[in-house]
2 protein chains.
Amino acid sequence: MTAAEPTGDELVEMLAALANPLRLRIVATLAGGRDYVSHLAREIGVSRPLLHMHLRRLEAAGLVTGTLELSDDGKAMKYYEVTGFDLRLTAPALAEAAKTLTRPDPEQGPGSKEHS
Amino acid sequence: MTAAEPTGDELVEMLAALANPLRLRIVATLAGGRDYVSHLAREIGVSRPLLHMHLRRLEAAGLVTGTLELSDDGKAMKYYEVTGFDLRLTAPALAEAAKTLTRPDPEQGPGSKEHS
DNA sequence: CCATCCTGTAAACACTTCGTTACAGGTGTA
DNA sequence: TACACCTGTAACGAAGTGTTTACAGGATGG
């Protein structure tokens, strides 16, 4: 497997996703086995809408994946599980990743607010 | 040396410090050698006050260290350099770190806004 | 039909973060 | 004196983030 190194932008997104106590706990809990949203919310002790938002961020960063499945009694249940990520954070590694950063300063889409 | 694993809270702080394009670039630049604030600001292309703020965050997270030195012509110059951090981010490692999390939900200081 | 379980999303608010501008001081040199 | 460096910090606005509450639907079982 040996996942390819992420780009600078992807790395920032991953780090931002993990840089939150609640999201860190979500990943930690999922590391113990897959689970569906409502149950996971009860397990951790947060509201479902809140968990839903955090899971979206974690999934966007590629740290977890969700699959919609049907239970025996026909309910639609979304199961999440952790991906096999493996990041190494050292100064040289970060220097390498920084080479592929595309947004050093917040630049928005073209044609929005050009001055003279 | 083999730095001891940080606590969950410390890990979150480190990740939050690195989860920013500009700060990532700062660490990347310092990985190439120590530098003082004003020069580093010109190098990267940001204002000094802004760089100052980011350096404080990086230092608070233990990723860089700053030392105030006197140059040959007597100017006070603050040199920053990266520390020898080495973090491994995997699901099991995060699960281990999450055990030492002390702030699952944002709790602010006491006596601020108690209701009846 | 009503209750209970699952999903998703939008509105509103508090709070933090990011960035600029402006100011404070220090030293050494023309 | 004025200028060119260096440091630090406070004030302010813009933008992003985290959280709650409320609402939308679909499927099963009494």
Side-chain angles (χ1 to χ4, degrees), chain A residues 9 12-26 34-61 66-80 101 103-109 112-113 115, chain B residues 12-26 34-61 66-80 101 103-109 112-115:
Chain A
D9 296 343
V12 168
E13 191 175 11
M14 287 180 172
L15 295 176
L18 292 175
N20 177 289
L22 182 49
R23 283 196 293 267
L24 186 57
R25 177 158 306 184
I26 292 171
R34 63 204 297 267
D35 199 357
Y36 63 95
V37 182
S38 289
H39 183 256
L40 183 58
R42 275 179 250 121
E43 196 79 9
I44 300 183
V46 297
S47 67
R48 256 117 30 226
L50 183 56
L51 178 61
H52 183 262
M53 197 241 287
H54 286 304
L55 283 173
R56 276 191 38 165
R57 258 197 96 150
L58 287 169
E59 187 170 31
T67 58
L68 191 59
E69 303 180 9
L70 287 178
S71 68
D72 296 349
D73 48 349
K75 291 175 188 165
M77 316 180 69
K78 189 148 193 182
Y79 276 86
Y80 277 92
L101 275 178
R103 22 184 163 121
D105 30 289
E107 49 186 326
Q108 43 271 72
S112 66
K113 45 180 176 182
H115 51 70
Chain B
V12 168
E13 190 174 12
M14 287 181 172
L15 295 176
L18 292 174
N20 176 290
L22 183 49
R23 283 196 292 267
L24 186 57
R25 178 158 303 182
I26 292 171
R34 62 205 295 270
D35 200 357
Y36 64 95
V37 182
S38 289
H39 184 256
L40 183 58
R42 277 179 246 119
E43 196 78 10
I44 300 182
V46 296
S47 68
R48 248 167 308 104
L50 183 56
L51 178 60
H52 184 262
M53 195 239 291
H54 285 305
L55 283 173
R56 276 191 37 167
R57 262 198 90 147
L58 288 169
E59 188 170 30
T67 58
L68 191 59
E69 302 180 9
L70 288 179
S71 68
D72 296 350
D73 50 348
K75 290 174 188 166
M77 314 180 71
K78 189 148 193 183
Y79 277 86
Y80 277 93
L101 275 178
R103 21 184 164 123
D105 32 293
E107 47 186 330
Q108 43 269 68
S112 67
K113 43 179 176 181
E114 293 289 347
H115 52 71

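Chain naming here is simple, since letters A, B, ... match the order of the sequence lines and numbering starts at 1 in each. Given the structure is predicted, the values throughout are model-derived calculations rather than measurements.
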For this session: To the nearest Å, give me how far apart CG (Leu55(A)) and C1' (dG18(D)) are.
Result: 14 Å
For this session: Report the distance from atom CG of Leu70(A) to atom P of dA27(D), rounded to the nearest whole Å.
Result: 10 Å
For this session: Specify the separation, in whole Å, of atom CG of Leu50(A) and atom C1' of dT17(D).
Result: 11 Å
Seminar exercise, completed: In whole angstroms, the gap separating C1' of dA11(C) from CE of Met53(A) amounts to 13 Å
Problem set entry | Atom-pair distance (CD on Glu69(B); C1' on dC6(D)), nearest Å | 13 Å
Seminar exercise, completed: For Glu69(B), the salt bridge (charged side-chain N to carboxylate O under 4.0 Å, His left out) test, sequence neighbours excluded, returns Arg34(B)
For this session: Indicate for each nucleotide in nucleotides 4-9 of chain C, in 5' to 3' sequence, whether protein heavy atoms under 4.0 Å reach the base (B), only the sugar-phosphate (S), or nothing (-).
Result: -SSBSB
For this session: Return no unless some side-chain N or O of Ser47(A) is found under 4.0 Å from OP1 or OP2 of dT20(D).
Result: yes
Problem set entry | Interatomic distance where CG belongs to Leu22(A) and C1' belongs to dT19(D) [whole Å] | 10 Å
Seminar exercise, completed: Asn20(A) atom CG is separated from dC15(C) atom P, nearest whole Å, by 17 Å
Problem set entry | Tyr36(A): partners by ring pair (Phe, Tyr, Trp, His ring centres under 6.0 Å), with sequence neighbours left out | His39(A), Tyr79(A)
Exercise. Hey, does Leu15(A) have a side-chain heavy atom less than 4.5 Å from the side chain of Asn20(B)?
Worked result: no
For this session: Look at the side chain of Arg23(B) and the backbone N and O of Ala16(B), then say whether any donor-acceptor pair between them is shorter than 3.5 Å.
Result: yes
Exercise. side-chain contact (heavy atoms from CB on, under 4.5 Å) between Leu101(A) and Val12(A): does it pass, once the steps are laid out?
Worked result: CA-CA 9 Å; Leu101(A) 275 178; Val12(A) 168; 4.1 Å; yes
For this session: In whole angstrom, give the distance that lies between atom CG of Asp73(A) and atom C1' of dG26(D).
Result: 13 Å
Exercise. Should Arg25(B) and Ile44(B) count as side-chain neighbours, where that means a heavy-atom distance under 4.5 Å?
Worked result: yes
